[in-house]
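A short worksheet on the structure shown next.
In this text, all values refer to a predicted model and were calculated from it rather than measured experimentally.
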Amino acid sequence: MDSQQEKVKRVVVIGAGVIGLSVAHACARRGHRVTVIERAREQRGASLGNSGMVVPSHFIPLAAPGMVALGLRWMWNPESPFYIQPRFDWDLIAWAWRFWRASTRERVERAAPLLRNLHLASRAAYAEIGEECGLVQKGLLMLCKTQHALDEEARTAGMARQLNVPAEVLDAARTRALDPGVTMDVAGSVYFPMDCHLQPARYVAALERRILAAGGGLLFDADVTGWKKDGSRLAAVQTSQGEVSGDEFVLAGGVWSDGLIRSLGLRLPMQAGRGYSLTLPDPVELPQICAILTEARVAMTPMGNSVRFGGTMEIAGLAERISPCRVEGILRAIPQYYPRFSRKDFESVTPWSGMRPCSPDGLPYLGRTRAAPNLIVATGHAMMGLSLAPVTGELAAQCVAREPISTDLSLLSPDRYA
């Protein structure tokens, strides 16, 4: 066997959401034999119905100063943007304690340059396949109803400029001039020209095509039931459809990752942050620039001839259900910013929901772990999964190939809570 053949590895990726498929694609491009395992074809965490935004502007992790107080204030309102269902659960209590510990300015200052670099790397990767995923590079508007919110966002814009992320504070007239095809009722906005948006389902379909074309396999409706070991190394993953053996394994199982790895002696503290979206075909007006309705924490994304509104962060366990209160919170917010839209527009729209994997410090788990020498973890991206998917795939593939890692992953270590 020549040296090139010796480098070819059997790579098993657990999870066929945007993270898992991005990892598999990056590995397949290097010539590895890839198999992707997914528990359900249609239910892939938050990969298919999310807002589709690629956001270098989002360099502040979820765990940030002020979030604990904000969460406590919103906790008693089931329609609020951030809601933790009160319940006695030791995992939730431990996660909340770690979230509080991580919500410091010092940690944000350490994380911000890393997140900026990761988002920008993903943006560049998306630009290379823009046609396949419907990429639109027109920026992002942070729409503010009140002057107070605009002042707060202006401070974030100042931080962005310090990190060399372009940001511009606009009054109401300049905001409307930037996207004249939609009626807006706002005090102003912050415009981030480097941000962009795409259609998540098209990205997922494009990756699946590329993986299959490279000789990879996609195994759907296969529940992971355990691991087979050879000494300290993993030899195979056991599924409801039989064993899948490999040389390297990548865990990209989203909110289910912690449960899948506990038998190997590793804990990945994680809570499922359920989000919701409604995709409206043939809207009364079609915006051209994606936006976040700042006070409501609702995202708006043009999707071809449709428009998608999504939001909320509901920490309520793994039960797969739709909460009417959460959907109502989104529907109430939309006309406040876009007065031509009404609640009646959405009467025939079926809400979508998906669960985002949220680590306590708001940062992904990415890299090798001491749980097994041939196991790599890539999960915990919270609301940034799609935005960070291509760079996560590339970094995980570098780990698989044991290449020099192009980014310092110490803040993202899967063992940081071990």
Side-chain angles (χ1 to χ4, degrees), residues 17-30 46-59 112-142 157 160-161 163-168 178-179 190-214 252 286-292 299-308 310 364 366 378 381-398 403 405-407 409:
V18 291
I19 299 298
L21 290 175
S22 297
V23 172
H25 177 239
C27 290
R29 286 198 314 179
R30 286 166 166 78
S47 292
L48 297 176
N50 67 67
S51 63
M53 294 181 180
V54 183
V55 283
S57 64
H58 285 40
F59 50 81
L114 171 63
L115 290 175
R116 173 206 57 193
N117 292 344
L118 294 176
H119 285 299
L120 288 173
S122 275
R123 187 191 188 283
Y126 278 124
E128 292 181 5
I129 61 166
E131 192 71 28
E132 285 187 88
C133 61
L135 184 69
V136 178
Q137 302 181 63
K138 292 186 177 181
L140 165 74
L141 286 168
M142 299 292 297
R161 288 190 289 267
L163 290 167
N164 295 319
V165 176
E168 187 175 359
L178 205 57
D179 198 354
V190 171
Y191 176 54
F192 290 99
M194 289 294 292
D195 289 13
C196 49
H197 67 273
L198 53 85
Q199 298 182 39
R202 286 180 60 176
Y203 178 61
V204 167
L207 290 184
E208 288 182 351
R209 288 193 300 269
R210 290 181 173 216
I211 291 165
L212 292 173
L286 184 59
Q288 297 300 307
I289 301 175
C290 63
I292 292 177
M300 181 285 299
T301 313
M303 296 273 178
N305 293 321
S306 302
V307 61
R308 176 172 294 170
L366 179 57
H381 293 71
M383 295 178 290
M384 300 183 289
L386 184 119
S387 189
L388 296 179
V391 69
T392 298
E394 178 63 23
L395 291 168
Q398 290 173 7
E403 299 170 359
I405 307 302
S406 57
T407 298
L409 299 181

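- For S122 (side chain) and S387 (main-chain N/O), a donor-acceptor pair under 3.5 Å exists by modelled atom type.
- Here H119 contributes atom NE2 and M194 contributes atom CE; the two are 12.5 Å apart, rounded to the nearest 0.5 Å.
- The minimum heavy-atom distance linking G304 with Q199 is given by the pair N-NE2, 3.6 Å.
- The two atoms that bring R210 and I129 nearest to each other are NH2-CG2, 3.2 Å, heavy atoms only.
- A donor-acceptor contact shorter than 3.5 Å is absent between the side chain of S51 and the backbone of T301.
- No donor-acceptor pair closer than 3.5 Å links the side chain of R123 to the backbone N or O of P56.
- Using a 4.0 Å cut-off between a side-chain N of Lys or Arg and a carboxylate O of Asp or Glu, E131 and R202 do not qualify as a salt bridge.
- Between L388 and P364 the shortest side-chain heavy-atom distance falls below 4.5 Å.
- Contact annotation: the side chain of L386 approaches that of Y126 to within less than 4.5 Å [non-hydrogen atoms, C-beta and beyond].
- Residue E168 holds its CD atom at 10.0 Å from CG of L141, rounded to the nearest 0.5 Å.
- Separating the CD1 atom in I289 from the CG atom in L178 is a distance of 4.0 Å, to the nearest 0.5 Å.
- Between T407 and N117 there is no side-chain heavy-atom pair separated by less than 4.5 Å.
- L140 contributes atom CG, which lies 5.0 Å from atom CD1 of I292 (distance to the nearest 0.5 angstrom).
- Using modelled atom types, no side-chain atom of H25 and backbone atom of G393 make a donor-acceptor pair closer than 3.5 Å.
- Rounding to the nearest 0.5 angstrom, the gap separating the CD atom in E394 from the CD atom in E403 is 7.0 Å.
- One N or O on the side chain of R116 and one on the backbone of L163 form a donor-acceptor pair closer than 3.5 Å.
- No side-chain heavy atom of M300 sits less than 4.5 Å from a side-chain heavy atom of H197.
- Side chains of L115 and H58 form no contact here, defined as non-hydrogen atoms less than 4.5 Å apart.
- The minimum heavy-atom distance linking A167 with V190 is given by the pair CB-CG1, 4.3 Å.
- Residues satisfying the salt bridge (charged side-chain N to carboxylate O under 4.0 Å, His left out) criterion with R161, sequence neighbours excluded, are absent altogether.
- The two residues S406 and Q398 come nearest to each other via the heavy atoms N-OE1, 2.9 Å.
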- Task: Start with the C-alpha distance between L118 and M384, add both sets of side-chain angles, then the distance that settles side chain to side chain contact (heavy atoms under 4.5 Å, CB included), and finish with yes or no.
- Result: CA-CA 10 Å; L118 294 176; M384 300 183 289; over 6 Å; no
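- Heavy atoms only, all atoms of each residue included: L48 and R308 are closest at O-NH1, 3.5 Å.
- Rounded to the nearest 0.5 Å, atoms OG1 (T392) and CD1 (I19) are 4.5 Å apart.
- Of the possible donor and acceptor atoms, one in the side chain of D195 sits under 3.5 Å from a partner among the backbone N and O of S57.
- Side-chain atoms of P200 and V18, non-hydrogen and from C-beta on, never get closer than 4.5 Å to each other.
- The shortest distance between side-chain heavy atoms of F192 and M142 falls below 4.5 Å.
- No side-chain heavy atom of L135 sits under 4.5 Å from any side-chain heavy atom of Y203.
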